[in-house]
Number of protein chains: 2
Amino acid sequence: MGEKKQYKSEAFAAVHETMDALHQIGAIDKKTMRSFDKACLETLTGIKPEAIRKLRKRENVSQPIFATYLNVSRNLVSDWERGVKKPGGPALRLLSVVQKHGLDALA
Amino acid sequence: MGEKKQYKSEAFAAVHETMDALHQIGAIDKKTMRSFDKACLETLTGIKPEAIRKLRKRENVSQPIFATYLNVSRNLVSDWERGVKKPGGPALRLLSVVQKHGLDALA
DNA sequence: TAATATATCACACTATATGTTATAGTTCAA
DNA sequence: TTGAACTATAACATATAGTGTGATATATTA
């Protein structure tokens, strides 16, 4: 039903558009559509402390500024980069988005 | 130093570009630049349970799919929408991004 | 001198994960 | 039409660890 998903690549997104069109004209059923969607969803892996620091420096911002973007405390970013604490769940998704599209994607 | 920030509006972003250019040619110093940046950073407010549900329905996805996008558990989305639990920090930022740019922004 | 960035620590909180059960709607085949 | 299988959602309990707050200290920078 035109559900928006998250894909492993733009290629997957393109394929999904085709699948979606096929579904809308009745060529494929809902169940097939659902299982297809699930297969296309991306799985998130962890990120290493140094990778976080590199990412932040790539974006050329300080820890406080970086923290404000992600809506977390400044100390947390410091802890992440030193491996004291590890980002998970929503924070991991945010970092992934920044990796792919930059901090501007959060604006 | 061309730092990338998060702005309250596109107008702010435009103004920042100008400020950035002025800084690069030495018209303004680093300190002024920093304080300007801080003033432009957006403050995140909470989001009501119904707003989360509306947002998800606007994106036309189920709770499990929505959860996968945000990289949270399926039950958590249910709890958010019923007001049992409230998203904060990184999760709030993610929801804000989806509100402004849609789920595709997380792809 | 003053402001900023970063590191570091202690403490408390709650957001989140995980697992389970139940109900209802949908799909598909017998 | 019936029923089995799958999906979505709600609901609850438990445990974890991610996160926030506040403070201090050092080094850098305006």
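Letters A, B, ... are given to chains in the order of the sequence lines, protein chains preceding strands, and every chain is numbered from 1.
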Please output the side-chain donor-acceptor pairs of residues 46-54 of chain A that fall under 3.5 Å, not counting sequence neighbours, one pair per line with the distance.
{"from": "A:Arg53", "atom 1": "NE", "to": "A:Glu81", "atom 2": "OE1", "distance (Å)": "2.8"}
{"from": "A:Arg53", "atom 1": "NH2", "to": "A:Glu81", "atom 2": "OE1", "distance (Å)": "3.1"}

ask   = Under 3.5 Å, is there a donor-acceptor pair between the side chain of B:Thr68 and the main chain of B:Pro64?
value = yes
Any side-chain heavy-atom pair of B:Ser96 and B:Lys100 under 4.5 Å = yes
ask   = According to a strict under-4.0 Å criterion, is A:Arg56 in side-chain N/O contact with OP1 or OP2 of C:dT6?
value = yes
key: Student check: side-chain heavy atoms of A:Leu103 and A:Phe66 closer than 4.5 Å   = yes
key: Side-chain N,O (B:Ser78) to OP1/OP2 (D:dA10) below 4.0 Å   = yes
ask   = What's the CZ-C1' distance between A:Arg74 and C:dT8, to the nearest Å?
value = 12 Å
inquiry  = Please confirm whether the shortest side-chain N or O distance from A:Arg93 to OP1 or OP2 of C:dT16 is below 4.0 Å.
reply    = no
Under 4.0 angstrom between A:Gln63 side-chain N/O and C:dT4 OP1 or OP2 = no
message = Could you tell me how far apart B:Leu76 (CG) and D:dG18 (C1') are, to the nearest whole angstrom?
response = 13 Å
inquiry  = Just to be sure I understand the geometry, which residues of residues 79-87 of chain B put a non-hydrogen atom under 4.0 Å away from DNA chain C?
reply    = B:Trp80, B:Lys85, B:Lys86, B:Pro87
query = Roughly, in whole Å, what's the span from CG in A:Asn71 to P in D:dG18?
reply = 18 Å
request  = Take the protein atom CD1 of A:Ile65 and the nucleotide atom P of C:dA5, then report the distance between them rounded to whole Å.
outcome  = 7 Å
request  = Could you tell me whether the side chain of A:Asn71 and the main chain of B:Pro90 form a donor-acceptor pair under 3.5 Å?
outcome  = no
request  = Output yes when a side-chain donor or acceptor of A:Arg58 lies under 3.5 Å from a complementary backbone atom of A:Gln99, and no otherwise.
outcome  = yes
Check the interface with nucleotides 21-24 of chain C: list each N/O to N/O pair with the protein under 3.5 Å, or write none.
none

Spacing of CH2 belonging to B:Trp80 relative to NZ belonging to B:Lys86, to within rounding of 0.5 Å = 13.5 Å
request  = Hey, could you give me the CZ/CG distance between A:Arg93 and A:Leu44, rounded to the nearest 0.5 Å?
outcome  = 4.0 Å
ask   = Out of D:dT19, D:dA23, C:dT18, which nucleotide sits closest to the side chain of A:Ala91?
value = D:dT19
task = Please tell me if the side chains of B:Leu70 and B:Val98 come closer than 4.5 Å, counting only heavy atoms from C-beta onward.
result = yes
query = Between D:dA11, C:dA17, D:dT9, which nucleotide has the shortest distance from any of its atoms to the side chain of B:Asn75?
reply = D:dA11
request  = Return the 5'-most residue of the pair B:Lys57, A:Leu92 with respect to DNA chain D, ranking by each residue's nearest nucleotide.
outcome  = B:Lys57
